[in-house]
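Quick notes on the structure that follows.
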Amino acid sequence: MFSHLPDSFLQMNTIFISILIEALPFVLIGVFIAGFIQMFISEKFIARVIPKNKFLAVIVGSLIGVFFPSCECGIVPIVRNLLAKGVPLHAGIAFMLTAPIINPVVLFSTYVAFGSTWEVPLLRVAGSLVVALVVGNIIAYFYKGTGLKDRFLKYETASEKVAVPTGNLAIAGGSSEITTSHFQALEVEAEIHHEHHHHHHGEAHEHEEMPLSQKIWHTVQHAVDEFFSVGKYLVFGALLAAAMQTYIKTSTLVSIGHGPILSILLMMVLAFVLSLCSEADAFIAASFRSVFSTQSIVAFLVFGPMLDIKNLMMMLGAFKARFVVLIVTSVTIVVFLYALVI
């Protein structure tokens with residue numbers, strides 16, 4: 001039936017299916033964790049856990065991934081729900097960058113892949129923390145915005161306030177004049193603000209009062225919705241990664257990767273193109289030990305779980321494009337510099 005198809009197409013199809021099979025279990029874990037967060041984690045709990053200080057919030061976000069054995073395939077829906085619940089953007093992105101690397105499963109697989117030695121696993125963990133701290137603080141102190149696409153902004157931020165129109169306000173000699181339209185506008189805005197706050201407060205209260213069986217059922221429903229929401233980006237990203245692996249030969253890339261700078265850049269490109277899950281990428285990286293330096297391999301192991309094709313597609317589905325560009329640019333620069341100096 002498929003005999004008339006080119007061998008390269010069949011190879012691409014095989015790679016595409018293998019990427020999906022590898023990624024789907026972790027996507028499922030991710031969407032169920034996202035559903036659990038939606039139904040069981042309250043805004044009050046998040047407010048208690050996340051420090052108000054921006055720098056400390058980035059540190060907490062970077063380290064909390066130890067307790068979430070999540071692959072980068074499923075990290076985006078988890079972070080999206082945390083942000084919608086009120087986690088600060090800088091803390092959420094720090095968590096997104098480190099969680100696929102510093103969790104015990106990935107740490108152990110890296111340890112085994114590199115002959116039961118700790119050098120590469122520790123350099124990998126240290127690199128992920130450096131990147132998360134730098135990028136998280138860039139977002140905390142220099143990025144002004146929500147990051148998430150508008151349709152995912154379910155919860156108000158503390159900075160949202162009702163603006164008082166001043167266009168026709170005149171004060172002179174102790175007298176003031178405000179048109180009726182201004183009062184009407186203020187009344188409408190206040191009513192919307194009150195209804196918006198009441199809706200979310202009621203929704204959170206309703207979740208807290210809900211019986212456990214209903215919470216579990218709604219968790220499953222939410223996980224299904226999340227799966228179909230991120231699934232299309234996973235499929236597109238896997239297809240693109242399979243095409244690039246098929247038609248861009250690894251041997252060609254390796255042949256140009258001479259010198260410390262080019263080899264680091266090359267391994268970062270390979271990590272992006274191969275789109276491996278962080279639980280399995282260490283074994284692929286270990287196979288390059290005879291060709292590339294430790295610096296290049298660490299760059300591969302740090303960069304891949306933070307940015308690959310399928311993960312980028314899912315980020316573009318959840319975050320604003322300009323914000324994704326900021327993440328991609330800052331992560332690329334920091335990973336490259338880290339690999340260069342170790």
Side-chain angles (χ1 to χ4, degrees), residues 19 23 30 58 61-62 65 70-80 82-83 88-102 124 127-150 152 230 232-241 243-245 248 253 261-278 281 296 298-340:
I19 292 174
V58 171
S62 301
S70 178
C71 174
E72 77 276 5
C73 307
I75 195 67
V76 173
I78 296 174
V79 172
R80 193 178 73 190
L82 285 172
L83 295 177
L89 184 63
H90 44 276
I93 297 304
F95 167 73
M96 184 181 77
L97 296 176
T98 58
I101 295 176
I102 68 173
R124 185 182 199 185
S128 70
L129 292 173
V130 168
V131 175
L133 289 173
V134 173
V135 176
N137 280 290
I138 288 173
I139 294 170
Y141 293 102
F142 299 102
Y143 180 78
K144 306 299 180 184
T146 57
L148 279 176
K149 288 188 174 180
D150 293 339
F152 299 124
V230 303
K232 55 182 178 288
Y233 299 104
L234 172 65
V235 170
F236 182 75
L239 182 61
L240 187 58
M244 293 186 71
Q245 288 186 50
I248 300 178
L253 294 176
I261 293 178
L262 282 178
S263 61
I264 291 171
L265 291 174
L266 173 63
M267 288 299 279
M268 290 170 66
V269 171
L270 277 177
F272 181 78
V273 172
L274 293 177
S275 298
L276 301 168
C277 281
S278 56
D281 62 355
S296 305
V298 171
F300 178 93
L301 292 171
V302 174
F303 189 75
M306 295 182 180
L307 284 174
D308 61 28
I309 294 174
K310 60 182 185 299
N311 192 34
L312 179 61
M313 293 298 105
M314 287 190 277
M315 279 197 285
L316 287 170
F319 300 109
K320 295 175 181 177
R322 290 181 64 184
F323 183 63
V324 174
V325 170
L326 172 64
I327 294 176
V328 171
T329 305
S330 54
V331 166
T332 302
I333 293 172
V334 178
V335 170
F336 174 75
L337 293 176
Y338 173 76
L340 203 59

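As a basis for the values below, the full set of heavy atoms in this structure was taken, side chains included, without hydrogen atoms, waters or symmetry mates. Being a predicted model, the structure only gives us computed values, none of them experimental. Numbering of residues begins at 1 and proceeds along the displayed sequence.
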Is it the case that the side chain of Arg80 and the backbone of Ala318 share a donor-acceptor pair, with hydrogens and angles ignored and the cut-off at 3.5 Å? no

Checking side chain to side chain contact (heavy atoms under 4.5 Å, CB included) for the pair Leu274/Phe300: CA distance, chi angles, key distance, verdict? CA-CA 10 Å; Leu274 293 177; Phe300 178 93; 4.1 Å; yes

Can you tell me how far the NZ atom of Lys144 sits from the CG atom of Leu89, to the nearest 0.5 Å? 11.5 Å

If every non-hydrogen atom of Leu97 is compared with every non-hydrogen atom of Ile101, which pair is closest and at what distance? O-CD1, 4.1 Å

Heavy-atom pair of closest approach, residues Val335 and Phe303: CG1-CB, 3.9 Å

Please evaluate residues Phe272 and Val269 with respect to the criterion side chain to side chain contact (heavy atoms under 4.5 Å, CB included), reporting the C-alpha separation (whole Å), side-chain torsions for both, the decisive distance (0.1 Å), and the verdict. CA-CA 5 Å; Phe272 181 78; Val269 171; 5.7 Å; no

Of all heavy-atom pairs linking Ser128 and Val302, the shortest is N-CG1, 4.1 Å

When rounded to the nearest 0.5 Å, the distance separating CD1 of Ile264 from CG of Leu266 is 11.0 Å

Going from OG1 on Thr332 to CG on Leu307, what distance comes out if it is rounded to the nearest 0.5 angstrom? 5.5 Å

I'd like to check Met314 versus Ile75 (side-chain heavy atoms, cut-off strictly below 4.5 Å). Are they in contact? no

From CD1 (Ile93) to CG (Leu83), nearest 0.5 Å: 6.0 Å

Find the distance between CG (Asp281) and CG (Asp308) and round it off to the nearest 0.5 Å. 9.5 Å

Please name the pair of heavy atoms, one in Ala94 and one in Ser62, separated by the smallest distance, quoted to 0.1 Å. CB-OG, 3.5 Å

Donor-acceptor pair, distance only, cut-off 3.5 Å: does the side chain of Ser330 make one with the backbone of Ile327? yes

Between Arg124 and Pro305 the two heavy atoms that sit nearest each other are NH2-CG, 3.4 Å

Could you go through Ile139 and Phe323, starting from their C-alpha distance and side-chain angles, then the distance that decides it, and tell me whether this counts as side chain to side chain contact (heavy atoms under 4.5 Å, CB included)? CA-CA 9 Å; Ile139 294 170; Phe323 183 63; 3.8 Å; yes

Closest non-hydrogen contact found for Ser296 with Met267 is O-CB, 3.3 Å

What residues form a side chain to side chain donor-acceptor pair (under 3.5 Å) with Lys320, not counting sequence neighbours? Thr146

Step by step, would you call Phe319 with Val79 a side chain to side chain contact (heavy atoms under 4.5 Å, CB included)? CA-CA 11 Å; Phe319 300 109; Val79 172; 4.3 Å; yes

Looking at Leu316, is its backbone amide N or carbonyl O close enough to the side chain of Lys149 to form a donor-acceptor pair, meaning the two atoms are under 3.5 Å apart? yes

